[in-house]
Amino acid sequence: MHIYCSGPLFSPEELGGMSALARVLEADGFGTFLPQRDGIEAYVMRFVDSPLSTNLFGMRERIDQAIFALDIFQIVERCAGFVFNMNGRVPDEGGVAEAAVAFSVGRPVLLYKNDRRSVFHGRDNSMITGLSPVAPVSDLKEVPHALRSLLARTPLAPTERAERLRDTVRLGQRIWKVLERLPAGLGKREEAEELIQEIAGMVASGSHS
């Protein structure tokens, strides 16, 4: 079973962190796809941004398209799960896009973060944390166990993958219907608290109620 390891890989420290993530998974019996080691990046990226890149390749855009296509194949077809290393001042932009793709096709997404930096008063962006049904893992050694638990509870059949995405869309639709009937702004704190409770109740009950 192969796992896609996603995250930043633009400095020695980042490369080391991603290698450590792959190693801990491999030590637990998983296969991994690590772009810096297994992807096109391992062969060409040290040349692409150099003065020689035009003469060597002549087509940076096509290399970018090839990297994109290979990563999408790995996420959608080859890898059974997805681990996103969110360490850094902000999560890696490419990793965010990859995690969204993994979610959209029903791949289980596990977030790993042992970096205390975040944007929203100690919390990360909900558009990222919402991609995983479990809280981010902060201990690297716990990643394999958390991933196995997530794989066991996540449907992998194509029809079930599509249903998972539809469930999320239905929940969003129900929330939107609530917001549509509200005035432009809520004047009282009590009204805001009531709205929060109603929406939280929808999330707790799922999208079928």
Side-chain angles (χ1 to χ4, degrees), residues 1-7 30 33 68-69 71-86 90-113 118-138 142-209:
M1 182 179 292
H2 285 80
I3 304 301
Y4 192 104
C5 297
S6 179
F30 289 103
F33 178 80
F68 177 78
D71 289 355
I72 293 298
F73 161 73
Q74 293 288 337
I75 295 167
V76 174
E77 292 291 339
R78 182 169 180 262
C79 295
F82 184 95
V83 178
F84 182 20
N85 176 5
M86 299 211 305
V90 295
D92 177 70
E93 299 95 328
V96 171
E98 291 167 344
V101 171
F103 169 83
S104 70
V105 297
R107 293 303 190 199
V109 175
L110 182 70
L111 306 177
Y112 163 66
K113 181 174 181 177
S118 63
V119 179
F120 302 106
H121 306 290
R123 300 183 66 86
D124 289 295
N125 193 307
S126 58
M127 292 305 295
I128 301 175
T129 58
L131 296 171
S132 178
V134 297
V137 176
S138 60
E142 294 298 320
V143 167
H145 173 72
L147 181 60
R148 287 192 185 281
S149 298
L150 188 56
L151 285 165
R153 62 183 278 191
T154 303
L156 296 179
T159 55
E160 293 175 310
R161 294 178 199 169
E163 187 62 27
R164 179 182 174 216
L165 180 59
R166 285 195 293 268
D167 285 348
T168 304
V169 171
R170 291 189 192 108
L171 177 58
Q173 183 182 44
R174 292 179 58 222
I175 293 170
W176 177 241
K177 288 180 179 178
V178 171
L179 297 180
E180 276 189 314
R181 68 173 187 258
L182 296 176
L186 296 176
K188 298 179 181 179
R189 180 183 178 87
E190 293 80 6
E191 294 174 330
E193 290 178 349
E194 183 178 341
L195 174 63
I196 290 171
Q197 291 175 359
E198 182 176 1
I199 291 176
M202 289 182 182
V203 174
S205 63
S207 62
H208 294 298
S209 58

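The shown structure was predicted, so the numbers you read here are calculated from the model rather than taken from an experiment.
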Under 3.5 Å, which donor-acceptor pairs link side chains of residues 93-106 to any protein atom two or more places apart or in another chain?
unit_1, atom_1, unit_2, atom_2, d
E98, OE1, S6, OG, 2.5
E98, OE2, Y4, OH, 3.0
S104, OG, V101, O, 2.7

dist M86:CE -> T129:OG1 (nearest 0.5 Å) comes out at 7.0 Å
Side chain to side chain, F30 and V83, heavy atoms closer than 4.5 Å = no
message: Are the side chains of I75 and F33 in contact, using a 4.5 Å heavy-atom criterion?
response: no
### Message
Would you say that P133 contacts L150 through its side chain, given a criterion of any heavy-atom pair below 4.5 Å between the two side chains?
### Response
yes
Contacts satisfying salt bridge (charged side-chain N to carboxylate O under 4.0 Å, His left out) that involve residues 118-138 (not counting sequence neighbours) are K113-D124
When rounded to the nearest 0.5 Å, the distance separating CZ of R148 from CG of L110 is 12.5 Å
Taking C-beta and beyond as the side chain, do V134 and R153 meet within less than 4.5 Å on heavy atoms? yes
By salt bridge (charged side-chain N to carboxylate O under 4.0 Å, His left out), R78 pairs with (sequence neighbours left out) none
Tightest non-hydrogen contact, residues S132 and V109, listed as OG-O, 2.6 Å
For A80 and R107, the nearest pair of non-hydrogen atoms, with its separation, is O-CD, 3.9 Å
**Message:** Less than 4.5 Å apart, side chain to side chain, heavy atoms only: is that true for I128 and F84?
**Reply:** yes
Here the salt bridge (charged side-chain N to carboxylate O under 4.0 Å, His left out) pairs for residues 125-134, sequence neighbours left out, are none
